[in-house]
Amino acid sequence: MANWASRAVRRLDTVDSTNYEARRWAQEGAPYGAVVIAQTQTAGRGRRGRGWISKPGAGLWLSIVLRPSLPPEQWPLLPLCAALATADAVKTACGADAQIKWPNDLLLCGKKFVGILVEREGEAAIAGIGINVKQRPEDFPEELRGHVTSLEAALGNSVSIDAVEAALLDALDARMDTADCLEEYARRCVTIGAAVRVVQGDASFDGIAEAIDGQGALWVRNTATGGRQRVLAGDVSIRNVNGYA
Ligand code: BTN
């Protein structure tokens, strides 16, 4: 397990995407726990082909190279464990009580401030984590302002990116090489028990999220049909007073 004394770190001012850089490094044999951190990304990447805005110096843009000892069928749990580690880290660093939304978004006041993208590279997994720390609402595109936030905007006080980084590396060390995060994840995931809308390509359905199985998939009771559906991929929004968020 990596620790502060031995961890290999590439600290960059600018990079296309820390996930791309970590992938290149993994191909060259990066050790377990190697980390890429950038001040900004020119091609930050989100899930499902989306981009990720990485304002210079406003957040933590980080990717870690993992060489999991988990059996392949449990690799889908890695994003869930990364979400739990990140929730632990922001609690430690600044007292934030983040909500975990399946599979791996973290929310404060109902708005997303963390995104996680886990990708496979041969025998390695690259876990990319973006944490909005210092942005003000006006730093985000207008159409996103109702949906995204930063730690400082949500908490109303100053937060140190260095403190978040240190806490995150510790939490990743503690959480990422085992699959035993599932029970705790399910307890802390606000999606379970919620009314949700599932969007898969052009299709969507409404239901109640009931459970998460051993591969990290979400089981949703379809309100229209009464049947249970297993959701592995797709966008899941949680219903609130304003509709689905
Ligand atoms: C999402 O919610 O869509 C996932 C966003 C993941 C963003 C992080 S920032 C660090 C790492 N590098 C990337 O290009 N993406 C991830």
Side-chain angles (χ1 to χ4, degrees), residues 9-27 30 33-66 76 78-87 89-90 98-108 110-121 124-135 139-141 143-151 154 161 164-165 167-169 171-172 176 189-191 199-200 216 218 231-238 245:
V9 180
R10 279 188 187 170
R11 219 173 266 283
L12 306 166
D13 282 341
T14 179
V15 70
D16 47 3
S17 150
T18 56
N19 267 35
Y20 283 150
E21 181 67 15
R23 183 190 290 179
R24 293 188 283 264
W25 198 3
Q27 288 164 354
V35 165
V36 178
I37 299 169
Q39 285 286 311
T40 188
Q41 306 180 107
T42 55
R45 297 167 53 242
R47 291 170 59 229
R48 308 175 66 71
R50 299 186 183 116
W52 181 262
I53 302 171
S54 322
K55 185 170 185 244
L60 182 61
W61 324 125
L62 173 153
S63 299
I64 184 165
V65 179
L66 304 167
L78 291 172
L80 280 55
C81 297
L84 205 49
T86 309
V90 295
Q99 295 184 311
I100 302 173
K101 175 175 163 279
W102 184 89
N104 53 17
D105 289 344
L106 295 194
L107 315 180
L108 281 169
K111 295 180 178 181
K112 172 167 168 170
F113 73 105
V114 167
I116 296 174
L117 177 66
V118 179
E119 299 178 295
R120 188 169 188 156
E121 176 54 48
I126 310 295
I129 301 172
I131 306 180
N132 294 333
V133 179
K134 295 194 167 286
Q135 293 95 329
D139 290 326
F140 297 110
E143 66 277 13
L144 290 182
R145 276 178 213 160
H147 307 284
V148 298
T149 191
S150 70
L151 280 167
I161 295 177
V164 175
E165 178 191 313
L168 181 60
L169 294 177
L172 289 169
M176 293 310 289
C189 176
V190 295
T191 310
V199 179
Q200 294 169 311
L218 187 69
V231 180
L232 257 178
D235 282 327
V236 173
S237 10
I238 297 175

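Remember, it's 1-based here, ligands and their atoms both numbered in the order they're listed.
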Enter the distance from L12:CG to T40:OG1 here, rounded to the nearest 0.5 Å.
-> 11.5 Å

By salt bridge (Lys or Arg N to Asp or Glu O under 4.0 Å), which residues pair with R120, not counting sequence neighbours?
-> none

Spell out, as yes or no, whether a donor-acceptor pair under 3.5 Å connects the side chain of W102 to the backbone of G216.
-> yes

For ligand 1, output the ligand-protein N/O contacts shorter than 3.5 angstrom; if there are none, return none.
{"from": "ligand 1", "atom 1": "2 (O)", "to": "K112", "atom 2": "NZ", "distance (Å)": "2.5"}
{"from": "ligand 1", "atom 1": "3 (O)", "to": "R47", "atom 2": "N", "distance (Å)": "2.7"}
{"from": "ligand 1", "atom 1": "12 (N)", "to": "T18", "atom 2": "OG1", "distance (Å)": "3.0"}
{"from": "ligand 1", "atom 1": "12 (N)", "to": "Q41", "atom 2": "OE1", "distance (Å)": "2.9"}
{"from": "ligand 1", "atom 1": "14 (O)", "to": "S17", "atom 2": "OG", "distance (Å)": "2.8"}
{"from": "ligand 1", "atom 1": "14 (O)", "to": "Q41", "atom 2": "OE1", "distance (Å)": "3.4"}
{"from": "ligand 1", "atom 1": "14 (O)", "to": "R45", "atom 2": "N", "distance (Å)": "2.7"}
{"from": "ligand 1", "atom 1": "15 (N)", "to": "R45", "atom 2": "O", "distance (Å)": "2.7"}

Please identify each residue that fulfils salt bridge (Lys or Arg N to Asp or Glu O under 4.0 Å) with R45, with sequence neighbours left out.
-> E119

By side chain to side chain contact (heavy atoms under 4.5 Å, CB included) - contacts of Q99 (at least two apart) = L107, V190

Where the side chain of K101 meets the backbone of S237, is there a donor-acceptor pair that is under 3.5 Å apart?
-> no

